[in-house]
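Here is the naming used below: chain letters follow the sequence lines, and residue numbers restart at 1 for every chain.
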Amino acid sequence: MSELLRRMLFLPEEGSTLASRVDGIHFFIILTTFVVGAAIGLTGFVFLLRFRRRHAHALTPEVLAPVWMEALFVSVPLLFFLLWGALGYRDYVWSRSAPPDALDVYVTGKQWMWKFAYPEGPGAVDVLHVPAGRPVRLLITSRDVIHSFYVPAFRLKMDAIPGRYTETWFEAVRPGRYPVLCAEYCGLDHSHMRAEVVALSPAEFEVWRTQQGGDQVASGAGVAEPLVEQGRVVATRAGCFQCHTVDGTPHIGPTWRGLYLREEPLDTGGTIRADVAYLTESMMEPQAKVVAGYAPVMPSFQGRLSAGDVASLVEFIQSLRPERPVPPTVQEPRYELRGR
Amino acid sequence: MSFEVAEPAMPREHYLNARRGAWSWLTTHDHKRIGVMFLVALLCTFLLGGMFALALRLELLTPGETVMGRLAYNRAFTLHGVIMVWLFLIPSIPTTFGNFLLPLMIGARDVAFPRLNLASFYLFVVGAVMTVWAILEGGVDTGWTFYTPYSTATGTDVLPVLMGVFVVGFSTILSGLNFITTVHTMRAPGMGWMRLPLFVWAIYGTSIIQVLATPVLGMVLLLVALERVVGVGLFDPARGGDPLLYQHLFWFYSHPAVYIMILPGMGVISEAVSAFCRKNPISYRVLVWSTVGIAFVGFLTWGHHMFVSGQSVLGAGTFSILSMLVAIFTALKIFTWTSTMYRGSIWMCTPFTYVLGFIFLLFFGGMSGVAVAVTSADLHWHDTYFVVAHFHFIMVGASLMAFLAGLHYWFPKMFGRCYPEGLGVGTAVLIIFGFITTFLPQFLLGNMGMPRRYADYPEHFQPLHVASTAGASLLGFGFLIIAAYLGWSLRHGRVAGRNPWGSRGYEWHSDSPPPEANFHEPPVFPYRPHDYSRPDLQPEVGHAA
Amino acid sequence: MAGSLKMLGVGLGLLVLTTLSFALSRLHTGTLGLVVALVIAAAKVGLIAFFYMHLSERQGGPRLVIATAFVFVAILMGLVLVEAGDRAAPTMPPGPFQPLLLPGRSTVPKVAPPRASPGEGSP
Amino acid sequence: MRPEASLPPVVPQAGHFGDEASRQDAAHLGMWIFIASEVMLFTALFTAYAFYRYAYPDAFHQGRLHMEVGLGTLNTYVLVTSSILVALAISAVRAGRDLRAGGLLLGALALGVVFLFIKGAEYTQHAHDGALPGAWYDFEAFSMPGASLFFTLYWVMTGVHAVHVLVGMGVLSTLAVRALSGHFSVAYHTPLELGGMYWHLVDIVWLFLWPLLYLA
């Protein structure tokens, strides 16, 4: 029955323990809605036929609803609404209180990618490995603007807010791959900010975790931001260094050193602040705003760079500040919600 | 519509021809002319917003880039949202029909502050021009919600848009102030509160929301502007601020704003249901108190936009339960309208077709609203196409249908002429059908997990997007037909006469179109509004068969 | 003349209340002080609204309007504080992070703070 | 709910407005609605204040130690006194003494100027300290999380208030001129009352800003 409804309503598979709860209340509401809707529609239709106009100046009797009827129409829907509210709230509280034995994962949103980090060290970009059948607590934050971590198959969504953590949890019921989307509008590549949850069986997960132990990504002070490194690789691969330098000397294109947040004069007059949006736009539509003094020769990288590439390139450019380098912004401390 | 043999004649002098020349329009203090000017302005903004809606649907026809890039798409949906919300839906019914009819319905010569009324119009025009110019010129890409910190970080030209909306907000406040004062002080002697026409009640409730909520929006927009100019950091986490506070303040306005959009529509429907069923509303009291209830409780529910935004669990629960209370008032109205048809004499004409569409769509729009206000269900639906479909059901399905119902019901009142009735009903059916084809698939898209504001999407979403785009083109086509036949009818429609519908609404007691001073002699309202049980105490001038 | 005398009397009351508020604030009574100061302010506002803004001469509408406005003030502040009051400490601003660019931290960090791996030191 | 069998018919008045009394009613009601919306405008700021005071209790508690309490208090007296003058001006007009009313209004106006001068002195002092809003905040003596927000709110709240003072002064000067040229009379003085109400609103807002920012 519920499987049939799920398919009729185009819902994705129920990949988590939360999903079946959310779907339960969904089905309850939608069935009630259709029953009541059909009843109202039918009543209206009958009235429409039975009391259709026979002549223009007809007088009609004054009919007033008795008080008990008004009371009925107030109380019955109210009862249903409050019931739904209460049932939903029960599940909501459940979905916001992670069980104590949950595996912690730090999730960081950034234009336009997701970064995952496990407490013991390994991290990953855009792929989250979790064991199936075990609760996983997500501690979510953002590096720049608000994002929202959304796994349709888990019916799970939580915003990533810069400067603080939000918390949610899930338990994947079976191994599989589940897409992750960003549900809060976050700029140019919002629709490409995608990732994946890979649920592994517990044994497979252990194997994976041991493998990861070798090459820790985030392992103490002094290590360059992995994204910055990735950005340098992307820049080399895409041939950016043929025109742009990183040491401050102008070349065919403006140097990247200190470019980030610099006010650049445009050849059309006016200036532009080289923020993330402008940098991204310049990769995709280079001729739109050309910095004064440079020839409009840059090709468009539309379609040649993935959202992740763009993110890492921007991160790389950001890292090339002339003055003191901004220290790595995200410093993930121990975060204890329990027993506050 | 077929007519009796004796053709009614156009009144020789009425508000449209009492004074001549563009200057007499631009400097008029006449509430009817200001209403008509608002109508023209709003139709322009609606056209602009609608064109961008179609462009958006076209882009979403296929995954990947179809007609515009991501940046252009982001700017287009911002423009669509800002225009439709602030420049069309919020002012739509109150400033047009409200302005035109409110004094007529309460037997007054004008609104309480006629000059303020004109000022409100010009403020609206200035704000609208600023906003549209800024969006077209600078290309804002924040979405109509201006969420911080994105709106303070983006490189696009947010500032002029904020200022434009700020100015439009002033216009909204002044209109609301004017209407409240008019209802309080200018009612004809003997017209008690429980004898007001239901449309007046609806405008009154709306005005309260406008006056109390809009200033908060104004201040929030000002703070965002200050944040961009001098970096005050009130909503910026890097400076210790909290983006959620922005959302609180923004939704404190923007949730009640939804009721600013729908309450006047409900008023129109209450009038039209009575007029075309020739029947008293089955419970006037319920319709009145639910209007007041929506206006009040609508302010308590804003947090249901923030269930997954990191708001506290207790906060979410509070807002969820309070949201359930506001739903009950809408449900009551739907029950009342439906049962008003009982023992009536129902005339299936153009306005009533829209009324039926309104009730049907409002029911599903409202129920999906209850559904997303259920905290756990919102975990899945928040910020997906389910929400998009939900609020389009309310804003287009209900508000716009009510606007069209009102336009068709009062078109003879405003311009003294009728439109081709058959074409009207046919177009109404086409529009309702087009609407359902557009937005029903979006519910399913939301269920599948398609987030909103996506320029591009995974391929398995495509079939439903194709259906939606097809529906949108039907909808657009329907509007073109309406524009064509109403435009034609302005000059060539049959003369309507004073009361072509045989309605007992108070506004039909003066000529159609009304004289400049509204009444030639003080009118007498011999019965309660919407009373069809008694033979006429005053000759009823219905010319329709 | 009677009107002027009444206005003067009310004005005297306002000045006395202002002085009282200032004197009480010298006592530094913390939260209680804030509450008392706000109560005194509310009393002054009552005086001004009733006598200076002619509310005493107007029944009905104006009183309804201003009472409604205060209800909505309470709603906005009340619900925002109810929500914020239940948030866990690390989710309130400034959050668990070192607010990097927090204005007023005049001393720019001379060295990058050591980058702890997430959850370092966890059991 | 059943309607009475025979309702008295509703007959509107002949004119747009009946008499001066009902016109006054409408004007006063409109003004009160405007004041209500102004109250909501400031409520947004007061809510932000309450929220951040809750989030940063220490910073907001210590904030007043860095304020010019003397100047702020002086300003309170200035504004309250000017309110009294405006109230007296209305009493004077009601008693038919136009010239006196004009003089009192000019007095109130002068106090408004004094208020802005004192405010300006305060602003200068804070700017000198580096206690500027948001990104420009650089006040070593008071540097803790939330300190900049306290001063940001101080600048924004008093700034918006100062704009209202300016508008109010414009209103007062117009009214003073009109009063001196004999536009008002015992029978007709509604604009004066409305303008006075606006000035009192400005005063009322300050009466809350003062304890929140300077006292506690």
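- Between A:Y150 and B:H380, the ring planes lie tilted relative to each other; the angle falls in the 30° to 60° range.
- Between B:L325 and A:L78, some side-chain heavy-atom pair lies under the 4.5 Å cut-off.
- For the atom pair CG of A:L188 and OG1 of B:T154, the computed distance is 9.5 Å after rounding to the nearest 0.5 Å.
- Rounded to the nearest 0.5 angstrom, B:I328 CD1 and A:L82 CG are separated by 8.0 Å.
- For the atom pair B:S345 OG and A:F51 CZ, the distance stands at 11.0 Å (nearest 0.5 Å).
- For A:D23, no part sits under 4.5 Å from any heavy atom of chain B, backbone or side chain.
- For A:K157 (side chain) and B:V308 (main-chain N/O), no donor-acceptor pair under 3.5 Å exists by modelled atom type.
- Under 3.5 Å, the side chains of A:Y185 and B:N74 contain a donor-acceptor pair of N or O atoms.
- With a 4.5 Å cut-off on side-chain heavy atoms, B:L379 and A:T168 do not count as touching.
- Considering only heavy atoms from C-beta on, A:S148 stays 4.5 Å or farther from B:D383 through its side chain.
- The shortest distance between side-chain heavy atoms of B:L244 and A:R164 falls below 4.5 Å.
- Of all heavy-atom pairs between A:T33 and B:F363, the closest is O-CE2, 3.5 Å.
- The side-chain heavy atoms of A:P179 and B:P458, taken from C-beta on, include no pair separated by under 4.5 Å.
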Trace of the side chain to side chain contact (heavy atoms under 4.5 Å, CB included) decision for B:R285 with A:V67: CA-CA 11 Å; B:R285 176 172 62 179; A:V67 175; 3.7 Å; yes
Trace of the side chain to side chain contact (heavy atoms under 4.5 Å, CB included) decision for B:Q247 with A:I146: CA-CA 12 Å; B:Q247 297 178 19; A:I146 301 179; 3.4 Å; yes
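- Screening A:V63, A:V46, A:T43, A:T60 for a side-chain contact (heavy atoms from CB on, under 4.5 Å) with B:Y342, the sole residue that qualifies is A:V63.
- No donor-acceptor pair closer than 3.5 Å links the side chain of A:S191 to the backbone N or O of B:Y454.
- Atom CD1 of residue A:I161 and atom CG of residue B:D242 lie 7.0 Å apart, to the nearest 0.5 angstrom.
- With a 4.5 angstrom heavy-atom cutoff, A:F154 does not touch chain B via any of its atoms.
- For A:L181, the parts lying under 4.5 angstrom from a heavy atom of chain B are both the backbone and the side chain.
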Steps toward side chain to side chain contact (heavy atoms under 4.5 Å, CB included) verdict (B:F335, A:I40): CA-CA 8 Å; B:F335 291 137; A:I40 294 180; 3.8 Å; yes
Criterion side chain to side chain contact (heavy atoms under 4.5 Å, CB included) on A:Y89 and B:V313, from CA distance to verdict: CA-CA 9 Å; A:Y89 189 54; B:V313 176; 3.5 Å; yes
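- Judged by distance alone, the side chain of B:R70 and the main-chain N or O of A:H192 form no donor-acceptor pair under 3.5 Å.
- Atoms CG and CZ, from B:L332 and A:F73 in turn, are 9.0 Å apart once rounded to the nearest 0.5 Å.
- To the nearest 0.5 Å, atoms CD (A:E62) and CG (B:D531) are separated by 5.0 Å.
- Between chain A and the options B:M450, B:R452, B:M448, the largest number of non-hydrogen pairs under 4.5 Å is found for B:M448.
- Contact detail for B:M324 and A:F81: the closest heavy-atom pair is SD-O, 3.4 Å.
- Side-chain contact between A:E184 and B:Y150 is absent, with no heavy atoms from C-beta onward closer than 4.5 Å.
- Side-chain contact between A:H26 and B:N447: present, with at least one pair of heavy atoms (C-beta onward) separated by less than 4.5 Å.
- Using a 4.5 Å cut-off between heavy atoms, A:I30 does not touch chain B at all.
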